[in-house]
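Note sheet for the following structure.
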Amino acid sequence: MQDVPVAVSTVDERAIENQQIVGFSDLTRVAPALTINENPNNNNIALRGIGTFAFSIGIESAVSVIIDDVPVIQQLQAFSNLSDIARVEVLRGPQGTLFGKNSSAGVINIVTKESSEEQEGHAQVTLTSDGEKRLETGISGPISDKLGYRLNAYTGNREGDVTNLESGAKLNGERSKGARLRLDFKPTTSLDGRLIADYNKRRIEGPVTTFLSVPPGASLRGVAPIGPALVGITPGPDNRDVRMDDPGFAEHESRSIAGTLNWKLDNHTITSVTTWQDWEFDFLTDFDGTNLDQLGPQSNGRFHGGVTAGGPYRSRMSTQELRLSSNGDGALTYLGGLYYADSRTERSYLRGPVSNLANWEARSGNQTAAAFAQAEYRITPATRVSTGVRFNRETIEVDFANRLPTVPAIFDGRSRDDATTGKIALQHDLAKDVMVYGSFATGYKGAGYDVSTGFNEARVRLPVAPETSESWELGMKSRFFRNRLQLNATVFHTDYEDFQAQSRRLDPLTQAYENVVTNVGELRTRGLELEVQAKPINTLLLEASVAWVDATIKKFPNTNCYPGQTAAEGCILIGGVPLQDLSGKRLSNAPRTKLNLGATYNFPIGESGYSGIANINGQYQSSVNYDLAANPLADQKGYGTVNGSIAFFNPSQNVKLTFYVNNLFDKSYASFVGDNYNVFGNVHVLTQTLPRNSDRYFGVRMKYDF
């Protein structure tokens, strides 16, 4: 990674274990400029401030997540346990030339472990103070001299950290299980490949938000006073209590198969990658988050009094890629390829039984065909230039049926778009281990139908336009003092056109707010990233990374006001619709500063044969606003957390015992803040999503290798 002109952070198996990276959200501990916004039934992954947060099934992510060559269809799929992982690579900036159209902001590439050359296995048990019980096991080895295997499985159960005072149940806990089988084969000296089958399932009890702030006068729909829902609850940033009649659930189930073949010729290698995946998601959520019931106890299958929402969701995708790459270390190296993907997503959605009713079914389709090529030419022994280009043709489809008896309607549409992206980079070795580079890349994220409540003929006729970007990057990758110090630095500037973002829009006819995906006219993100690793002595590793990011909306006039925004605050009526100008505002969920610090120390324990590993790591993030419309109430102040662990092991006994603590100083923070102005009688009732890592807990892990 030190030789390629790309800003990339890599975390390997040892770092994953030392820093307790067990879930996808934990990756923010190691990658600068990576932020993850967790919201009930939807999450957002952002790099350098750029990500895609949308409820629509027809809008793709700007950050591509790839697991063993399988690109996830919906980014919510990525939020599963990380088990038996060899390494994780976080590539920042547009990566569309090689990784495709839905990587306009970057790529998170997860690689699982290969089969081992000798028979081996492990079993691991984890217990935590917040009620987690987790078991992992795996076995690997050769079946013959031409075939190897790796099989691993896990199961886990964790109590929630939010208490439902209505029933006494713990919410936001989860149950999960999964298994993966990998076969690595090499039937001849010129042919090798692998086959990976993966299955995982996860169920969350909730997830629910808690009250951050409840001003006087709040009432559900202006009818039911909120007082009964607050009995025993103290709203605030540390509030982990709710009073709900039906907190609901969120359940994921995923299956995937990936096959790779490499055929080595005299001067080239032909590679074929075939993938298939099937992801199912179902959820039910209490829309108002209370025990208030406007119509009295009732049920109609999914609804249980009050206002709830939910519905099943299924995505399937198959891909095929063919690559031809050159062999050898000559002055010119190159690769080219063809790629095809076909994805289908189906969703049913119900909301009711009163107020803001919704009942619809939809199907979204996406077919992508692409051709790409990349080459590197060594001008001198110290200077290289690389360039790449990708042509992409995308066809999107939609079928939408509104099942409300008052406004039954059926819509369907189809659209096609062609795009070409490219990248050029020049790199030069100033010394043996010091490389500088400069690059220019263009990014592209395809058009999409905003398939959500409120879908109509206008959305069919005018799909959300493609998102494009132009990115400049200057970087240095270096090692000094016999590789005891590694220093990587990057300066970047990226301009986005028609950035795809979700906001809330007021319908002037119904006076109800709807979530809509729109195009932000112009957006700029620029900044500096610095990563340092030092090993002053053989037993001590020091790590630090900092990212300063300025993500600013350059042009976005006539967009939606936030709830309750006044004329003095920039909201004016245009055609009876309240609008504002967001030009010059900071982008939502884009902290200016992120800082990671860590130290790992290896030490012997006398002459007992035991050794120890101690790790401490801390993270700091500056303040963010979670509302695209810049609602000042949706702020999260800057915060920092500290995590630590100490492990003891004896190689002769194959046992490792680890004690660890998450969020040592118990700093509570929210990964999302919402203003429920229109739900609670035009009063600014704020709710928050509190992720697991925002609470302190202790854990112990015992691992046995055999």
(Q) Could you check whether any side-chain heavy atom of V90 comes within less than 4.5 Å of a side-chain heavy atom of V8, counting everything from C-beta outward? (A) no

Q) Between the main-chain N or O of G443 and the side-chain N or O of S469, is there a donor-acceptor pair closer than 3.5 Å? A) yes

**Q.** From CZ (R182) to CG (L151), nearest 0.5 Å
**A.** 13.0 Å

Q | Side chains of R384 and D429 in contact at under 4.5 Å (non-hydrogen atoms) | A | yes

(Q) Using only atom types and a distance under 3.5 Å, with no angle test, would you say the side chain of S61 pairs donor to acceptor with the backbone of G51? (A) no

Q: Find out whether L430 and V436 are in side-chain contact, i.e. whether some heavy atom of one side chain is under 4.5 Å from a heavy atom of the other.
A: yes

Q.
Donor-acceptor check, side chain of T494 to backbone of G93, threshold 3.5 angstrom: yes or no?
A. no

Q | Note: E174-R202 ion pair, threshold 4.0 Å (strictly below) | A | yes

Q. Just wondering, do N366 and E60 contact through their side chains at under 4.5 Å, heavy atoms?
A. yes

Q) With under 30° as parallel and over 60° as perpendicular, where do the rings of Y313 and F281 fit, or are they tilted in between? A) perpendicular

Q. For the atom pair CD1 (I16) and CG (D26), what is the distance rounded to the nearest 0.5 Å?
A. 10.5 Å

Q: List the steps, then state whether salt bridge (Lys or Arg N to Asp or Glu O under 4.0 Å) holds for K656 with E17.
A: CA-CA 11 Å; K656 184 176 184 180; E17 187 170 336; 2.8 Å; yes

(Q) One thing to verify: whether R150 and D184 come together as a salt bridge, which I'm taking to mean a side-chain N less than 4.0 angstrom from a carboxylate O. (A) no

Q) Does a side-chain N-to-carboxylate-O contact under 4.0 Å join E346 and R344? A) no

Q) Using the ring of each side chain (for Trp, its six-membered ring), is H252 parallel, tilted or perpendicular to W279, with breaks at 30° and 60°? A) tilted

Q | Pi-cation contact, Y340 with R393 (under 6.0 Å, within 45°) | A | no

Q: Kindly indicate whether the side chain of N615, heavy atoms from C-beta on, has any atom under 4.5 Å from the side chain of Q19.
A: yes

Q. Is there side-chain contact between Q2 and N483, with at least one heavy-atom pair below 4.5 Å?
A. no

Q. When rounded to the nearest 0.5 angstrom, what distance separates CD1 in I85 from CD in E13?
A. 10.0 Å

Q: Would you mind checking if R48 and E529 are paired as a salt bridge, meaning a charged N to carboxylate O distance below 4.0 Å?
A: yes

**Q.** E114 side-chain N/O to L183 backbone N/O, donor-acceptor pair under 3.5 Å
**A.** no

**Q.** Over all atoms of both residues, closest heavy-atom pair of Y154 and S176
**A.** CE1-OG, 3.9 Å

**Q.** R701 side chain near S645 side chain, heavy-atom distance below 4.5 Å
**A.** no

Q.
Please confirm whether the ring centroid of H268 lies under 6.0 Å from the ring centroid of Y334.
A. yes

Q: Would you mind reporting whether V107 and I66 have side-chain heavy atoms less than 4.5 Å apart?
A: yes

(Q) Under a 4.0 Å threshold between the charged nitrogen and the carboxylate oxygen, would D278 count as salt-bridged to R314? (A) yes

Q) Between R255, R316, R347, R203, which is the residue that forms a salt bridge (charged side-chain N to carboxylate O under 4.0 Å, His left out) with E280? A) R255

Q: Give a yes-or-no answer on whether the side chains of Y437 and E473 include a donor-acceptor pair shorter than 3.5 Å.
A: yes

Q) Hey, are R180 and D198 close enough for a salt bridge, meaning a charged N less than 4.0 Å from a carboxylate O? A) yes

Q | salt bridge (charged side-chain N to carboxylate O under 4.0 Å, His left out) partner of K113, the single match among D12, D68, D84 | A | D84

